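As the structure lists them, so they are numbered: ligands from 1, and atoms in each ligand from 1. All values derive from a computational prediction rather than experimental measurement.
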Amino acid sequence: MTETVQINPTPAYRRIATEEAFAPPQMLKMYLDLYESRKLDDPGFDSLWGFYLTSMAPRPAAIREKLADLDAIRIADMDAAGIDHQIISLTSPGVQVFDRETAVSLAQDSNDMLHDAITRHPTRFSGLCAIAPQAPDLAAQELERCVKLGFKGIINNSHTHGEYLSDKKFWPIFEAAEAMDMPIYLHPYTPPKNMIGPMLEAGLDGAIFGFGVETGMHLLRIITSGAFDRFPKLRIIVGHMGEALPYWMYRLDYMHAAGVRAGRYECMKPLQKKVSEYLRENVYITNSGMAWEPAIKFAQQVIGEDRIMYAMDYPYQYTPSEVADLDNMDMSDELKRKFYQGVAEHVFKLTV
Ligand code: 1DF
Ligand code: MN
């Protein structure tokens, strides 16, 4: 599947792609063992990784190869698509499907592996730090190590064994992220067992829709839990054009306020701000998997031009032609530069 497209080799901006995945070969092997052993009671994992690890169709086969590469294949693909720099993170669900001990050591190994690749290709790659939510008490330690290694943020692949970061037991992660000023990329995963049923039945559990439902809800749970009142400087990034939340903002504000006023739910406490204000003040959005001008412009309008940035979602949506399409958006050069370069440089404090 080679596409030939004309991509402007000298645009007035650097193209920085911010949700780009990798997988250590060792982790793919562990995923295959987990899938074959049927020990993990997670139908979403079986659906996602059962497919990507065993299908012989061209797309999953190419994805397997590209995920594991942090050198020639990836850089050739970036060059062919005009991508100057990738912010790389551990593919979903990362370490989050394992037990505590395995997750802690795999996070360290994968961070070391990514760091080595960044050292080999410092102008092309930056990285996000994988931490094990199973061990919130150890997150600060690994995060500190990652900061010293030059990582630019944290990757979290949505729920961990059906639990969400809105649960206070995970808040040491937020505390450390805020203290070290590291943004958390809240990346999708398939919905947990108690949510996935009707989606799986219709083939809608994955990136087509289930990812977005799961991750949008996860971010909403974080907002309504009051986490941003407790950690006002915490920054969370979500992909896929905000996992639909920008489109929902009006109703979220209305119904949240109405629910709180009526005391409908014990769990729904008053917040210092409106739901939309957290989305505009604590959240950044990437357009991973949504190379679609109207959606990008809508998010820029309702969330803010300084909060929307480019992502390709390599290798899952490796589509060089999207770069040519986005280069041609009806948008000022200044705003296009923010979208492709400026916002990412600011959020991740990039120096190369
Ligand atoms: C898919 C899409 C898989 C994305 C991903 O990680 C992923 C997919 C396992 O197409 O199955 O990160 N994505 O972000 O859209
Ligand atoms: Mn992704």
**OP:** Give, rounded to 10 degrees, the angle between OE2 (Glu19) and OD1 (Asp313) as seen from the Mn ion (ligand 2).
**Re:** 90°

Subject >> Spacing of Phe151 atom CZ and Phe348 atom CZ [to the nearest 0.5 Å] >> reply: 13.0 Å

**OP:** Give a yes/no answer: is there an N/O/S atom of His187 under 2.8 Å from the Mn ion (ligand 2)?
**Re:** yes

**OP:** Say whether Met180 and Phe170 are linked into one hydrophobic cluster, either directly or through other cluster members, by side-chain heavy-atom distances under 4.5 angstrom.
**Re:** yes

**OP:** Can you pull out the closest protein heavy atom to atom 14 (O) of ligand 1? Residue, atom name and distance to 0.1 Å, please.
**Re:** Asp313 OD2, 2.6 Å

Subject >> Atom indices of ligand 1, in the order listed, that fall short of 4.0 Å to a heavy atom of His187 >> reply: 7 (C), 12 (O), 14 (O)

Original post:
Non-hydrogen atoms of Tyr52 versus ligand 1: any pair closer than 4.0 Å?
Top reply: yes

Subject >> Any Pro188 heavy atom less than 4.0 Å to ligand 1 >> reply: no

Subject >> Phe125 ring center near His85 ring center (under 6.0 Å) >> reply: no

Original post:
Any idea how Tyr13 and Tyr340 line up, ring-wise: parallel (<30°), tilted (30 to 60°), or perpendicular (>60°)?
Top reply: parallel

Original post:
Once the angle between the rings of Tyr316 and Tyr52 is folded into 0 to 90°, is it parallel (under 30°), tilted (30 to 60°) or perpendicular (over 60°)?
Top reply: perpendicular

Original post:
Taking all non-hydrogen atoms of both residues, which atom of Leu90 and which atom of Ala130 are closest, and how far apart?
Top reply: CD2-CB, 3.9 Å

Original post:
Quick one: does ligand 1 sit under 4.0 Å from the side chain of Arg59, the backbone, both or neither, non-hydrogen atoms only?
Top reply: side chain

Subject >> Reference residue Ser158; test side chain to side chain donor-acceptor pair (under 3.5 Å); the match among His187, Glu243, Glu214, Gln96 >> reply: Glu214

**OP:** Could you tell me whether the side chain of Ile237 reaches within less than 4.5 Å of the side chain of Ile184, counting heavy atoms only?
**Re:** no

Original post:
Of all the non-hydrogen atoms in the protein, which one sits nearest to atom 2 (C) of ligand 1, and at what distance?
Top reply: Ala207 CB, 3.6 Å

**OP:** For atom 5 (C) of ligand 1, state which one of Tyr316, Phe51, Trp49 supplies the nearest heavy atom.
**Re:** Tyr316

**OP:** Considering the heavy atoms of Phe211, write down every atom of ligand 1 situated less than 4.0 Å from one of them.
**Re:** 1 (C), 2 (C), 3 (C), 4 (C), 5 (C), 7 (C)

Original post:
With atoms numbered from 1 as shown, which atoms in ligand 1 lie under 4.0 angstrom from a non-hydrogen atom of Thr91?
Top reply: 6 (O), 9 (C)

